[in-house]
Number of protein chains: 2
Amino acid sequence: MYNQLKLDNQLCFRLYTASRLITQAYRPLLEPLGLTYPQYLVLMVLWENDHQLVSDISKRLVLESNTITPLLQRMESEGLVVRTKGTADKRQTLVSLSRKGIALQEQAKDIPDCITAAFSDCAPSQEESRVLVQTLDSIIKYLKNSD
Amino acid sequence: MYNQLKLDNQLCFRLYTASRLITQAYRPLLEPLGLTYPQYLVLMVLWENDHQLVSDISKRLVLESNTITPLLQRMESEGLVVRTKGTADKRQTLVSLSRKGIALQEQAKDIPDCITAAFSDCAPSQEESRVLVQTLDSIIKYLKNSD
DNA sequence: TTAATATATATCGCTCGCGACACAAATGTT
DNA sequence: AACATTTGTGTCGCGAGCGATATATATTAA
């Protein structure tokens, strides 16, 4: 038995599981708004700055067009965003919030605090949190550019 | 603008992105073996202990039957595992490695070291690693039981 | 024993995530 | 100008994840 093939030794498995479980924790909060977690991510990007290109959102969320485009199409058919063809460069697609998409921000504003509260029992300390965020950022930064 | 709705403040987004990027790093190593990452996880579980019930694998990987069953069915059609109906309890399904599934362990044994090597440039220090693993385990343990 | 309930696994339908590839518009080259 | 190349986005197909629900078997209650 190769010891390095033990599941318990795998960092990736932990990230994969933690990511799924936290996303599940968001679900009851997002479902009343009719949102999935990736859709919520897109909205967060647009709430920060409305009217962004597909490529901007793509870079920000580290997702390719083959994931983003169908996601945005679903969001458009839900009436959350509007996609318009670029004027200067006609290959581009500009994504803007609809009235409904803007309005959702108000309803979503308590979600982060709800999540934080839900985690109060297992919340990492400030120091652990700092290390966690820093380590993840370092991994992401490294892997993002290694293509 | 609600500050807590900023993407940069979201731990979950970091976990989600890091998880996806690391899974992508596994891809070129797993593809020659004809495996996806979740399939590799199932094999790791069975390499540790062959002949496990669907429920055992389910618990170990923190995945429900509606994810595990189709995954195992695909693996069975690839000839990696064999699924047999339980004898004592006929509701159960026992999952066993095929000859091919056993043989793959030999080919996969270097994957963890390859991943570690690929990360040498951004690898967390021993201390960071310890905090990361410990924090993730704490989050996983907490969320696993909060259903 | 029979009926009610619980449990193990499976099925269905949807959204993602992604490799492979298509396509049009922009840019560079000759 | 004419052609080749690059770029921005989209399409297609498949394998996850997962909520909702189905099915068969096991267990418990009456």
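Numbers restart at 1 for each chain; the letters A, B, ... are given by sequence-line order, proteins then strands.
- Residues A/Val45 and A/Gln52 meet the side-chain proximity criterion, which asks for heavy atoms closer than 4.5 Å.
- Checking A/Arg14 against A/Gln10 by side-chain atom types alone, no donor-acceptor pair falls below 3.5 Å.
- Within the 4.0 Å cut-off from OP1 or OP2 of D/dG10, at least one side-chain nitrogen or oxygen of A/Thr93 is found.
- Here C/dC18 presents its P atom at 12 Å from CG of A/Leu61, a figure rounded to the nearest Å.
- The side chain of A/Leu63 lies closest to C/dC18 when the candidates are D/dA16, D/dC18, C/dC18.
- Under the 3.5 Å distance criterion, with hydrogens and angles disregarded, no donor-acceptor pair is assigned to the side chains of B/Gln126 and B/Arg130.
- In this structure, CZ of A/Arg27 is placed 13 Å from P of C/dT15, rounded to the nearest angstrom.
- At a threshold of 4.5 Å between side-chain heavy atoms, the hydrophobic network of Ile, Leu, Val, Met, Phe, Trp and Tyr places B/Ile140 and B/Tyr142 in one connected group.
- Straight-line distance from the NZ atom of A/Lys85 to the C1' atom of C/dA25: 9 Å, rounded to whole Å.
- Residue B/Pro38 places its side chain closer to D/dA16 than to any other of C/dT15, D/dA16, C/dA26.
- Along DNA chain D, the nucleotide nearest A/Val54 and the nucleotide nearest A/Thr23 are compared for position; the residue whose nucleotide lies closer to the 5' end is A/Val54.
- Counting distance only, with no hydrogens placed and no angle test, the side-chain atoms of A/Asn66 and the base atoms of C/dG17 include no donor-acceptor pair under 3.5 Å.
- The shortest distance between side-chain heavy atoms of A/Leu136 and B/Leu11 falls below 4.5 Å.
- Judged by atom type and distance alone, A/Arg91 reaches the base of D/dT7 through a side-chain donor-acceptor pair under 3.5 Å.
- Between the P atom of C/dT11 and the CG atom of B/Leu71 lies a distance of 14 Å, rounded to the nearest Å.
- Here the C1' atom of nucleotide C/dA8 and the CZ atom of B/Arg83 are 13 Å apart, to the nearest Å.
- Taking the six-membered ring where the residue is Trp, B/Tyr40 and B/Tyr26 present tilted rings, their angle falling between 30° and 60°.
- Side-chain N/O atoms of A/Gln92 include none lying less than 4.0 angstrom from OP1 or OP2 on C/dA25.
- Between B/Ser55 and C/dT9, a side-chain N or O to OP1/OP2 separation shorter than 4.0 Å is present.
- Residue A/Thr67 places no side-chain N or O under 4.0 Å from the OP1 or OP2 atom of C/dG17.
- What you find for B/Trp47 and B/Gly101 is that their closest heavy atoms are NE1-O, 3.0 Å.
- Counting distance only, with no hydrogens placed and no angle test, the side-chain atoms of B/Ser65 and the base atoms of C/dA8 include no donor-acceptor pair under 3.5 Å.
- The NZ-C1' distance, from A/Lys59 to D/dT7, rounds to 11 Å in whole Å.
- For the segment residues 11-18 of chain A, the set of residues with a heavy atom within less than 4.0 Å of an atom of DNA chain C is empty.
- The CG atom of A/Leu30 sits 14 Å away from the P atom of D/dC18 (whole-angstrom rounding).
- Nearest-nucleotide mapping onto DNA chain C: of B/Glu31 and A/Asp89, the residue sitting toward the 5' end is B/Glu31.
- Between A/Gln24 and D/dG19 there is no side-chain polar atom (N or O) within less than 4.0 angstrom of OP1 or OP2.
- Side-chain contact, B/Gln39 with B/Glu78: no donor N or O sits under 3.5 Å from an acceptor N or O.
- Counting to the nearest Å, the P atom of D/dT9 and the CD atom of A/Glu76 are 14 Å from each other.
- Within the nucleic acid shown, B/Ile68 has no heavy atom closer than 4.0 Å to any nucleic acid atom.
- Residue whose closest nucleotide on DNA chain D sits further toward the 5' end, between A/Gln73 and A/Leu21: A/Gln73.
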